[in-house]
Amino acid sequence: MMMKKTNKLMSSSFLVSLSHFITGITCCPPASFQFHSHFLLFSTNKSNPNPKPHFPTHANLQQLLLEKSKTGFDKLDDALAVFDKMLHRKPLPSVFQFAQLLAALVKMKRYSVAVSVFKDMCVKGIHVDIVTFNTAINCFCHLNRVDYAFSLLAGTIKRGFHPDVVTYNTLIRGLISQDDPAEAQLLFTNLIRFKVIQPDVVTYNTIINGLCKRAHACTAVTLFRYMEKKGCKPNTVTYSTLIDCLCKLRLVDQALGLLHEMTKKGITPDVITYSSLIQGLCDFNRWQDVNQLLSEMNTRNISPDVHTFSILIDAYGKEGMINDAEDVIEFMIQSGQHPDVVTYNALMDGYCLRGEVDKALAVLETTMKRRGIVPDTLSYTILINGYCKKRKVDRAVDLFQQLPREGLTPTIETYNTILQGYFLMGRHVEARKFFKEKMMLNKALTLNNYTCSILLNGLCQNHFVVEALSFFDTMLSAGLIPNICIYGTLIDGLSKNGHLEKARSLFDNLPLKGLRPNVKTYTMMIQAYCHDGLFDEAKELFVSMEANDCFPNDVTYNVLIRGCFHNKKYKEAGVLIHEMRAHGFSSDASTASMFLDGLESKEQDPALLALQKEFLP
DNA sequence: ATAGGGTTAG
């Protein structure tokens, strides 16, 4: 590997802009990095009492490093043993080989270890090169220490190295993953303005990905077209990123359009491209299209991998088709793919959705254990949720308390699930206690909109509206920005507790908060009007939905049809039933039973009789 | 540099 050493200073204008990043960073220069104690995992071979008896010869070492830089070592100790031996070689192996060792550690996601090894290399006087620096910078970014990464950049420049496009791509990705897209953008524009580097396809892909993750699909597409204009050809990753983004925005047909476009341009989709699309199609239950993509993959000789299979297992599980999910696992094992914790979590969730929590527990305790797959916090959270939904919150709490014993830390999602479980059983005293003592006082937790929604809904359903409203004020003053779901919860809770006017005023003021009602919000308000006998208002709201780019779904129709019955608008109900069926929706259980109840009532309204004649067999 | 799993309102 060439050492790009130079005595020339960086262009001064760029240094000015660079100083923007470096000043204010509370970190020492690289020569005296302050390492956290957990960075110092590396020590001499004293930590390795059983060194490998047959250590590779020179040629073997090269072979070994080449392989492990691509796959990672099986065990951290093995990697450290190799490093230790390398240090004792005379002459010392080349930087290239040390760089491969670092790459292996990165593959193993042992970033702090890699940083320690890098530091050790510096201390031992090994001449590091720009690639090694880049690896270390990348590790700092993965450790969420972009500040250290920038200090190391400064050190790299001070030592006379030219940071390359990889360096800057790494830093841009670091800034984006640390949720600082503005700094990333600034770095990108400065790099172009001061002609420090020519952005490559990875630079664009990184930024496009950042934009997609932040729901700025339009800007992402703009950048996508811009890069083409600048003569930077998009590749499979570019298209996969955009396709995934479109799928997550539920714009699957546009995503399929991009698949078509890339194929026409001769850019070949890979398993990632197809997996994103299959996920998008599964979300819409477009099974035929899923099968078509799977056979297209087959034709192109692209094999589904553990991601693809997990997507399918998840989709089957959500459809209640648990046997098919099990079959997929069987198939993947037979075709040599190893299910992992994500695969089994999807399966467990499938069982829980069917109410078969004990079967889910058996997956964790038997199948996973047998296959040597270690359950994670999510595995337990899925089970906890399963038990909560079955109103077995005490069993859920048992599992919750088991987590630390398994070396796992519950997340906010785990806590939210338990909180919901208590409220679901009407055990609001324990819910409040849990929230106050276990959640609010827990510094490690960041309460989110899910938490507030669960709490508000729980309080309202248990008829503590005043408390709910006062909590809502508390959350506002705590700086949490309520989303549409929070308002939906309040609108529903208020109207069901006799505060229709308050609910209506919240609904009407949504635009002032910069929020737009969605189909659930509309449906709840329609339900509220119907319940209070304000059928005309309900109908008016229903009609106005479309103009606001919101389309009624099966629940909306069912709510309004039941509203018709309550308000004796039988003719109106007939029209709506037709309309609902024309849209491919059907009556739900509660509408159907109301229809049947109408048969037995003494109600002699001819319109009702006509309705029954038309819609009952 | 890109893909998979859990928690909120009708």
Side-chain angles (χ1 to χ4, degrees), chain A residues 138 166 169-170 172-173 176 200-210 212-213 235-245 247-248 270-280 282 304-315 317-318 340-350 352 376-386 388 411-421 448-458 460-461 482-493 495-496 517-528 552-556 558-559:
Chain A
N138 181 35
V166 177
N169 288 345
T170 306
I172 288 171
R173 194 186 48 71
I176 289 173
D200 66 3
V201 63
V202 178
T203 323
Y204 286 107
N205 288 349
T206 305
I207 297 173
I208 286 172
N209 183 42
C212 287
K213 289 274 146 65
N235 61 14
T236 305
V237 175
T238 323
Y239 274 99
S240 296
T241 306
L242 286 168
I243 283 172
D244 188 63
C245 176
C247 285
K248 297 221 157 80
D270 62 10
V271 60
I272 296 179
T273 326
Y274 278 109
S275 297
S276 291
L277 282 163
I278 289 171
Q279 169 83 280
C282 282
D305 66 4
V306 58
H307 286 91
T308 328
F309 285 123
S310 296
I311 291 165
L312 292 173
I313 289 160
D314 183 57
K318 290 199 163 57
D340 62 11
V341 62
V342 177
T343 320
Y344 282 114
N345 284 350
L347 182 70
M348 282 169 50
D349 198 41
C352 288
D376 60 11
T377 302
L378 182 50
S379 316
Y380 284 93
T381 307
I382 289 166
L383 282 174
I384 288 168
N385 188 38
C388 284
T411 62
I412 180 65
E413 290 84 0
T414 324
Y415 284 91
N416 286 347
T417 307
I418 296 270
L419 182 67
Q420 160 120 304
N448 56 21
N449 267 322
Y450 284 93
T451 318
C452 299
S453 176
I454 291 166
L455 191 66
L456 290 175
N457 191 44
C460 288
Q461 302 235 319
N483 61 13
I484 185 63
C485 183
I486 297 284
Y487 283 101
T489 308
L490 277 178
I491 287 166
D492 191 57
S495 68
K496 285 191 173 138
N518 60 26
V519 57
K520 280 195 184 191
T521 332
Y522 273 110
T523 307
M524 280 182 291
M525 203 58 226
I526 288 168
Q527 189 174 41
N553 62 17
D554 49 346
V555 184
T556 323
N558 274 283
V559 162

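Values below: all heavy atoms of this structure, side chains included; hydrogens, waters and symmetry mates excluded. Here the structure is a predicted model, which means the values were calculated and not measured. All chains are named by letter (A, B, ...) in the order of the sequence lines, taking the proteins before the strands, and each is independently numbered beginning at 1.
- In this structure, Ile384(A) atom CD1 and dT7(B) atom P are separated by 13 Å, rounded to whole Å.
- At the heavy-atom level, Ile311(A) lies under 4.0 Å from the strands shown only through sugar-phosphate atoms.
- Note on Val341(A): a base of the nucleic acid sits closer than 4.0 angstrom, heavy atoms only.
- Residue contacts for Thr556(A): at a heavy-atom cut-off of 4.0 Å it reaches a base atom on one of the strands shown.
- The listed nucleotides are dT2(B), dG6(B), dG10(B); the one nearest the side chain of Asp314(A) is dG6(B).
- When heavy atoms are screened at a 4.0 angstrom cut-off, Leu347(A) is found touching no nucleic acid atom at all.
- Within 4.0 Å (heavy atoms only), Ser276(A) reaches sugar-phosphate atoms of the nucleic acid but no base atom.
- As judged by a 4.0 angstrom heavy-atom cut-off over every strand, Thr411(A) is placed among the base-contacting residues.
- Judged by distance alone, with hydrogens and angles left aside, Asn205(A) brings a side-chain donor or acceptor within reach of the base of dA1(B), the pair sitting under 3.5 Å.
- Side-chain contact between Asn385(A) and Thr381(A) is absent, with no heavy atoms from C-beta onward closer than 4.5 Å.
- Of the candidates dG4(B), dG10(B), dG6(B), dG4(B) carries the atom nearest the Ser310(A) side chain, counting heavy atoms from C-beta on.
- Across dA1(B), dA9(B), dA3(B), the shortest atom-to-atom separation from the side chain of Asn457(A) is found for dA9(B).
- The residue Asp200(A) sits apart from the nucleic acid: no heavy atom pair falls under 4.0 Å.
- Between dA1(B) and Lys213(A), no contact under 4.0 Å exists linking OP1 or OP2 to a side-chain N or O.
- Asn385(A) has its CG atom 7 Å from the C1' atom of dT7(B), to the nearest Å.
- Between dG4(B), dA1(B), dG10(B), one nucleotide has an atom nearer to the side chain of Gln527(A) than all others, and that is dG10(B).
- Here the side chain of Ser453(A) is nearest to one of dG10(B), dT8(B), dA1(B), namely dT8(B).
- With contacts defined as side-chain heavy-atom distances shorter than 4.5 Å, the pair Ser379(A)/Met348(A) qualifies.
- Side-chain proximity of Thr521(A) to dG4(B), dA9(B), dG6(B): nearest is dA9(B).
- For the OP1/OP2 pair of dT2(B) and a distance below 4.0 Å, the side-chain nitrogens and oxygens of Lys248(A) include no atom meeting the criterion.
- One atom, CD of Gln420(A), and another, P of dG6(B), lie 15 Å apart when rounded to the nearest Å.
- Spacing between atom CD of Gln461(A) and atom P of dG10(B) amounts to 6 Å, rounded to whole angstrom units.
- Proximity note for Ile454(A) (side chain, C-beta onward) versus dT2(B), dT7(B), dG6(B): the nearest is dT7(B).
- Spacing between atom CG of Leu490(A) and atom P of dT8(B) amounts to 17 Å, rounded to whole angstrom units.
- Interface remark: the Asn416(A) side chain does not form any donor-acceptor pair with the dG6(B) base, using a distance-only criterion of under 3.5 Å.
- Computed from coordinates, the Asp244(A) CG to dA1(B) P distance equals 16 Å when rounded to whole Å.
- Between Lys318(A) and Asp314(A) there is a side-chain heavy-atom pair separated by less than 4.5 Å.
- Separating the OG1 atom in Thr414(A) from the CD1 atom in Ile418(A) is a distance of 8.0 Å, to the nearest 0.5 Å.
- Within 4.0 Å (heavy atoms only), Val555(A) reaches at least one base atom of the nucleic acid.
- Here the side chain of Lys520(A) is nearest to one of dA3(B), dA1(B), dA9(B), namely dA9(B).
- Of the candidate nucleotides dA3(B), dG6(B), dA9(B), dG6(B) has the atom nearest to the side chain of Asp349(A).
- Here the side chain of Asn483(A) pairs a donor or acceptor atom with the backbone of Ile486(A) at under 3.5 angstrom.
- Of the listed nucleotides (dA1(B), dT7(B), dA9(B)), dT7(B) has the atom at the smallest distance from the side chain of Thr417(A).
- Residue Ser495(A) holds its OG atom at 12.0 Å from CD1 of Ile526(A), rounded to the nearest 0.5 Å.
- The closest side-chain heavy-atom distance from Cys460(A) to Asp492(A) is not below 4.5 Å.
- Atoms CD1 (Ile418(A)) and C1' (dT8(B)) sit 16 Å apart, rounded to a whole Å.
- Base engagement by Thr343(A) is indicated by at least one non-hydrogen atom pair under 4.0 Å involving a base atom.
- You won't find any donor-acceptor pair under 3.5 Å spanning the side chain of Asn449(A) and the base of dA9(B), going by distance alone.
- Atom CG in Asp340(A) sits roughly 13 Å away from atom P in dG4(B) (whole-Å rounding).
- Residue Asn553(A) is classed as a base contact, given a heavy-atom separation below 4.0 Å to a base.
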